[in-house]
Participant: 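Sharing a structure below in structure tokens format, with a few things to ask.
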Amino acid sequence: MARFKNNKKGRVAVKPIVKKNQGNVDHVTGDKIPKSFVFSRMKLPGSVKQLQMDLRKLMLPYTALSLKEKKRNTLRDFLNVSGPMGVTHFLMLSKTASALSLRVARTPQGPTLTFKIHQYSLASDIAQSQLRPRCPQDLFKTPPLIVLSGFGTQELHLKLATIMFQNIFPSIDINTVKLSTCQRLVLLNYNKDTKLIDFRHYSIRLQPVGVSRRIRKFVQNHQVPDLRNLQDVSDFVTKAGYGSESEGDEEAATVTLSSDLGRVNRSSTKSAVKLQEIGPRMTMQLVKVEEGLCSGGIIFSEYENVDEKNAKSNHEEDGDDSEEGEEGDNSEEEGEEDGEDMDEDLED
């Protein structure tokens with residue numbers, strides 16, 4: 001365990017983020033590989049603390065899974081440690097009486113995006129809801145792929161969110177990427193009507209099309225099948241296993257592999273792409289964008305926009321009242337003129 005002493009008051013203890021056999025330079029962009037710290041700025045309740053651990057696991061392998069925090073640690077302590085460790089992003093959770101927030105910041109100079117978390121589910125909750133949860137041992141040895149949906153807009157704050165999420169994970173080259181490294185997927189879907197972002201984390205697996213489930217398990221596990229209740233070995237091959245034999249055989253869900261992947265998925269053959277959610281799951285909203293690292297000018301604020309809309313609507317209502325008042329004044333003037341005309345008629 002490496003310790004970096006920042007000052008006399010605070011220390012931040014971390015384990016090495018990257019193993020010795022892992023490179024520090026992105027072979028696609030030539031820049032440093034993005035690395036992250038996931039921590040909190042205050043004491044968190046138990047469920048939110050577990051959400052923090054789930055986020056650390058999601059950011060593997062380029063994060064400090066065993067980052068230890070102390071109450072006296074300041075943001076500057078983490079920033080001083082991030083330089084020697086090559087950390088490029090901070091993910092900071094905070095919980096108040098009214099809201100749960102996640103801040104995503106680029107080090108060392110920002111910007112900082114603040115998200116309000118409306119709902120969340122832990123990875124353990126996702127696993128308990130599934131009949132067969134899937135979590136292979138080597139699932140977190142490679143970083144996840146990132147997919148953004150609904151962010152194609154001209155609004156500045158959404159452009160910044162797109163750039164931030166695209167750069168928080170290493171880039172990939174589709175011509176040279178190894179299929180074995182594509183194990184996970186992070187999906188962010190933006191709904192322009194509700195202004196909410198759905199955050200999902202999936203595992204990716206391939207299964208050959210047109211091969212029965214029993215044959216697949218036999219080839220993958222190399223276990224001797226139980227043939228005691230079968231009359232002939234052909235029954236083992238032809239009898240359907242648990243689930244549909246055509247599951248995942250739709251054309252839209254199949255791909256042709258360029259290279260072999262495992263014992264079952266062979267090159268130049270079709271395989272079905274299967275996504276299984278592994279969590280955590282969040283529904284969040286971008287509420288503020290700051291120029292610096294948790295400081296500086298405010299580029300965007302959802303609360304200010306709401307206040308402006310309310311002020312505008314109130315102003316319009318006041319304008320309508322004033323117009324009605326002016327019309328009432330005009331009618332009174334017209335009444336006075338009519339009264340004068342009536343007096344003149346009586347005198348005549």
Side-chain angles (χ1 to χ4, degrees), residues 16-36 38 54-65 86-89 91 104 106 123 134-152 161-190 198-209 211 216 219-220 248-280:
I17 294 180
V18 184
K19 296 180 180 179
K20 293 181 179 180
N21 58 350
Q22 291 178 321
N24 291 323
V25 178
D26 193 332
H27 69 282
V28 177
T29 62
D31 300 329
K32 291 183 178 180
I33 290 179
K35 302 173 187 176
S36 62
V38 183
D54 288 345
L55 287 175
R56 288 183 183 179
K57 198 171 182 180
L58 181 146
M59 299 301 295
L60 286 173
Y62 299 110
T63 193
L65 187 62
V87 175
T88 58
H89 292 83
L91 281 75
V104 182
R106 173 81 182 190
R134 178 179 183 269
C135 189
Q137 294 181 354
D138 59 346
L139 188 62
F140 296 94
K141 290 184 178 180
T142 55
L145 308 177
I146 180 74
V147 176
L148 303 177
S149 175
F151 285 85
T162 301
I163 295 173
M164 182 71 76
F165 286 121
Q166 286 177 340
N167 294 330
I168 205 170
F169 297 109
S171 304
I172 63 170
D173 185 354
I174 59 175
N175 297 318
T176 59
V177 65
K178 295 182 180 180
L179 296 180
S180 58
T181 62
C182 301
Q183 297 286 330
R184 295 183 291 135
L185 173 71
V186 172
L187 172 64
L188 288 95
N189 179 64
Y190 176 73
D198 294 321
F199 184 100
R200 301 290 185 269
H201 184 208
Y202 298 96
S203 67
I204 304 173
R205 62 187 177 94
L206 298 175
Q207 64 182 36
V209 175
V211 179
R216 234 175 17 243
V219 174
Q220 290 175 338
D249 287 0
E250 298 179 3
E251 187 67 25
T254 60
V255 294
T256 302
L257 302 181
S258 59
S259 60
D260 295 343
L261 184 62
R263 299 186 181 96
V264 180
N265 297 283
R266 315 299 294 179
S267 62
S268 302
T269 61
K270 285 190 175 183
S271 297
V273 180
K274 308 290 292 184
L275 297 180
Q276 184 168 346
E277 190 173 2
I278 55 178

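This chain uses plain numbering: 1 for the first residue, then up along the sequence. Owing to the predicted nature of the structure, the values given are computational and were not obtained by experimental measurement.
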Participant: Any side-chain donor-acceptor pair under 3.5 Å between R56 and T63?
Facilitator: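 R56 vs T63: no donor-acceptor pair found between side chains.
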Participant: By ring pair (Phe, Tyr, Trp, His ring centres under 6.0 Å), which residues pair with F165, not counting sequence neighbours?
Facilitator: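 F165 satisfies ring pair (Phe, Tyr, Trp, His ring centres under 6.0 Å) with F115 once adjacent residues are dropped.
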Participant: I'd like to know if the side chain of R184 and the backbone of L139 have a donor-acceptor N/O pair within less than 3.5 Å.
Facilitator: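 Pair found, side chain donor or acceptor close to backbone of L139.
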Participant: Within the 4.5 Å heavy-atom criterion, are I168 and P34 side-chain neighbours or not?
Facilitator: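 Sidechains of P34 and I168: no contact.
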Participant: Output the distance between atom CD1 (I33) and atom OH (Y62), rounded to the nearest 0.5 Å.
Facilitator: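 One finds 4.0 Å between CD1 of I33 and OH of Y62.
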Participant: With rounding to the nearest 0.5 Å, note down the distance linking CG in L60 to CG in L55.
Facilitator: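 One gets 11.0 Å once the value is rounded to the nearest 0.5 Å.
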Participant: Hey, does L58 have a side-chain heavy atom less than 4.5 Å from the side chain of V186?
Facilitator: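 Answer yes - side chains close enough.
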Participant: Please identify each residue that fulfils ring pair (Phe, Tyr, Trp, His ring centres under 6.0 Å) with Y202, with sequence neighbours left out.
Facilitator: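 Partners of Y202 under the ring pair (Phe, Tyr, Trp, His ring centres under 6.0 Å) test: none.
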Participant: Report yes or no: does T181 contribute a side-chain atom to a donor-acceptor pair with the main-chain N or O of K178 at less than 3.5 Å?
Facilitator: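 Answer holds: yes.
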Participant: As an exercise, state the distance from NZ of K57 to SG of C135, rounded to the nearest 0.5 Å.
Facilitator: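 Separation between the atoms: 4.5 Å.
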Participant: Among T162, L148, D198, which residue satisfies the side-chain contact (heavy atoms from CB on, under 4.5 Å) criterion with L188?
Facilitator: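 The passing option is L148.
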Participant: Would you call Q183 and F140 a side-chain contact if the rule is heavy atoms closer than 4.5 Å?
Facilitator: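 Result no, sub-4.5 Å side-chain heavy-atom pair not found.
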Participant: Is the closest side-chain heavy-atom distance between L185 and P144 below 4.5 Å?
Facilitator: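 In short, these two side chains do not touch, never coming nearer than 4.5 Å.
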Participant: Step by step, would you call V38 with M59 a side chain to side chain contact (heavy atoms under 4.5 Å, CB included)?
Facilitator: CA-CA 9 Å; V38 183; M59 299 301 295; 4.2 Å; yes
Participant: Is any side-chain heavy atom of H89 closer than 4.5 Å to a side-chain heavy atom of K35?
Facilitator: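 A side-chain contact under 4.5 Å is absent here.
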Participant: Check whether any side-chain heavy atom of E277 lies under 4.5 Å from a side-chain heavy atom of H201, and answer yes or no.
Facilitator: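 In short, these two side chains do not touch, never coming nearer than 4.5 Å.
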Participant: So do I204 and Q276 actually touch side chain to side chain, heavy atoms under 4.5 Å?
Facilitator: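 Q276 vs I204: side chains apart.
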Participant: Does C182 reach the side chain of L145, with side-chain heavy atoms less than 4.5 Å apart?
Facilitator: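 They are in contact (side-chain heavy atoms under 4.5 Å apart), so the answer is yes.
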